[in-house]
Number of protein chains: 2
Amino acid sequence: MPVRSREATVRVKGQTRPVKERLLHVATRLFARHGFEGTSVQDIVDAAGVTKGAMYHYYDSKDDLLYEVYHQLLTMQISHLEEIAAGAGSPEQRLRAAAADVVKTSLDNLDDMIVFFRSLHLLPEDKQAQVRSERRYYHDRFRALVDEGVAAGTFRGDVPPDIVVHYFLSVVNQLGSWFHPDGSLSATQVGQLFTDLLIGGLRA
Amino acid sequence: MPVRSREATVRVKGQTRPVKERLLHVATRLFARHGFEGTSVQDIVDAAGVTKGAMYHYYDSKDDLLYEVYHQLLTMQISHLEEIAAGAGSPEQRLRAAAADVVKTSLDNLDDMIVFFRSLHLLPEDKQAQVRSERRYYHDRFRALVDEGVAAGTFRGDVPPDIVVHYFLSVVNQLGSWFHPDGSLSATQVGQLFTDLLIGGLRA
DNA sequence: ACGTTTACACCGACCGGACGGTATGCGGAC
DNA sequence: GTCCGCATACCGTCCGGTCGGTGTAAACGT
């Protein structure tokens with residue numbers, strides 16, 4: 001489905017983003033504020049300055065909109081992780097980079113994270129399976145970095161790497177429930193601190 | 001609200017628990033499986049073998065039922081933590097005990113945890129504030145243990161204790177999203193491993 | 001150059017049904 | 001007889017999704 005040239009970019013309150021993109025953006029925001037079920041399709045289209053016809057023209061359903069939230073973020077984070085994992089440096093250096101990155105990108109997309117950990121179960125089973133598959137891929141790729149460090153003797157070998165990954169990704173998935181962008185710590189700082197705590201716990 | 005003596009304990013599929021208790025139990029289970037909004041009041045009363053009249057006799061609303069889930073678990077965990085914190089042992093020993101306990105009790109009440117981190121935002125604002133207040137109390141009490149360890153020089157002082165607590169409680173809150181009771185690790189083992197990872201990260 | 005057709009982007013009234021909650025009734029224990 | 005512990009029937013609302021329609025810009029024919 002290529003981007004259509006005739007796509008309208010109606011001006012609403014100074015915004016010029018195409019309708020499809022704007023719908024996803026305001027939907028994410030509303031889902032994060034009021035929950036998926038607490039947000040009606042009417043709320044979404046009102047906030048985007050269009051009508052239901054527009055939304056059902058671009059998306060198959062309300063669920064479809066939710067799925068896009070997950071898919072976009074996961075796709076980005078996976079590509080980041082692959083680049084880091086394939087890069088140079090010791091296992092510890094690459095794990096540090098990966099950990100700091102996933103915290104940073106999650107905090108940069110806080111609304112997505114909030115929706116993520118709250119509303120996955122509301123997706124129809126097939127789309128839910130798709131998301132879980134992508135998450136599992138991320139998990140496995142992350143674990144491979146831990147495996148490397150264990151093999152190299154840098155990390156302790158008495159904690160199953162799967163458990164380590166669950167441990168750290170849990171921290172990431174909960175970021176939306178306490179972090180405030182205007183707090184005393186920046187996204188990068190939090191990433192650094194959490195990375196330190198992880199690596200410290202992993203040291204042989 | 002004292003327990004009524006004339007409370008009926010209708011036998012349904014061999015269960016003999018009083019209706020009020022049974023309603024909360026099946027509701028928790030259904031909320032965990034299908035989400036709060038994906039579970040209708042009709043589903044709950046059907047599963048409990050009663051009718052709506054019974055449920056609205058014991059609870060004010062569907063929300064009320066949800067609140068009870070949070071309140072029960074938090075009350076128990078708070079009392080555990082207070083006992084541990086006031087007990088004997090070094091800060092590290094008590095923090096270890098507290099960390100292992102919160103993991104264990106959370107895994108023993110997995111359904112509650114699943115509902116917990118998914119559906120808090122669906123409560124009306126006043127009850128939500130009540131829950132947050134209880135959680136904050138738990139958070140502060142937990143942090144006090146970290147503070148003690150930092151003051152004693154056992155733990156590193158370059159990571160804000162609040163961040164440490166967010167870090168570890170995030171892990172706890174996400175347990176419901178990956179742990180399976182029939183997996184290769186028991187609740188106690190997971191508690192032990194996570195505690196090790198935490199303490200390792202905290203060492204001065 | 002100009003009328004005509006096509007196709008897309010979006011509108012907005014409408015529908016079917018599910019769901020939370022209520023009002024009333026009734027049977028059995030004391 | 002009266003009061004508690006439910007059962008049963010019902011209501012009003014809200015919400016996801018649909019469907020025929022409309023304006024407009026590109027494509028085409030001549």
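Below, chains carry the letters A, B, ... as their sequence lines are ordered, and counting in each starts from 1.
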| task | Would you indicate which nucleotide in dC11(C), dG21(C), dA7(D) comes nearest to any side-chain atom of K62(B)? | result | dG21(C)
| request: Measure from CG on D63(B) to P on dG20(C) and round the result to the nearest Å. | output: 10 Å
| query | Given side chains that start at C-beta, do those of D43(A) and V26(A) come closer than 4.5 Å, heavy atoms only? | reply | no
| task | Write down the distance between CG (L23(A)) and C1' (dC11(C)), rounded to a whole number of angstrom. | result | 14 Å
| note | Nearest-nucleotide check on DNA chain C, Y56(B) vs G53(A); residue mapping nearer the 5' end is G53(A)
| message | Ignoring hydrogens and geometry beyond distance, is the side chain of K52(A) in donor-acceptor contact with the base of dG17(D) at under 3.5 Å? | response | yes
| Value in whole Å for how far the C1' atom of dG20(C) lies from CD of E37(A) | 15 Å
| message | Any carboxylate oxygen within less than 4.0 angstrom of a Lys/Arg side-chain nitrogen, looking at R132(A) and E125(A)? | response | yes
Without placing hydrogens or testing angles, list every side-chain donor-acceptor pair under 3.5 Å for residues 96-104 of chain B, not counting sequence neighbours.
residue	atom	partner	partner atom	Å
R96(B)	NE	E92(B)	OE2	3.4
R96(B)	NH1	D196(B)	OD1	3.0
D101(B)	OD1	H80(B)	ND1	2.9
D101(B)	OD2	H80(B)	ND1	3.1
K104(B)	NZ	D108(B)	OD2	2.8

| said: Students often get this wrong, so: under 4.0 angstrom with heavy atoms, is S40(A) touching a base, only sugar-phosphate, or nothing? | reply: sugar-phosphate
| field | Contact under 4.0 Å: H57(B) side-chain N or O vs dG5(D) OP1/OP2 | value | yes
| request: Have a look at K127(B) and tell me which of D60(B), D64(B), D63(B) forms a salt bridge (Lys or Arg N to Asp or Glu O under 4.0 Å) with it. | output: D64(B)
| query | Considering only side-chain heavy atoms of A54(B), which listed nucleotide, dG20(C), dC6(D), dG16(D), is closest? | reply | dC6(D)
| Using 30° and 60° as the class limits, which term best fits the ring planes of W178(A) and F194(A): parallel, tilted or perpendicular? | tilted
| Looking at dG21(C), dG5(D), dG17(D), which one has an atom nearest to any side-chain atom of S61(B)? | dG21(C)
| field | Spacing between E21(B) atom CD and dG5(D) atom P, to the nearest angstrom | value | 16 Å
| said: Could you tell me how far apart D43(A) (CG) and dG17(D) (P) are, to the nearest whole angstrom? | reply: 14 Å
| Can you check the D46(A) CG to dC15(D) C1' distance for me, whole Å? | 13 Å
| Rounded interatomic separation in angstrom, taking CE from M55(A) and P from dC11(C) | 13 Å
| task | Check the distance between dG17(D)'s C1' and L65(A)'s CG and give it to me in whole angstrom. | result | 14 Å
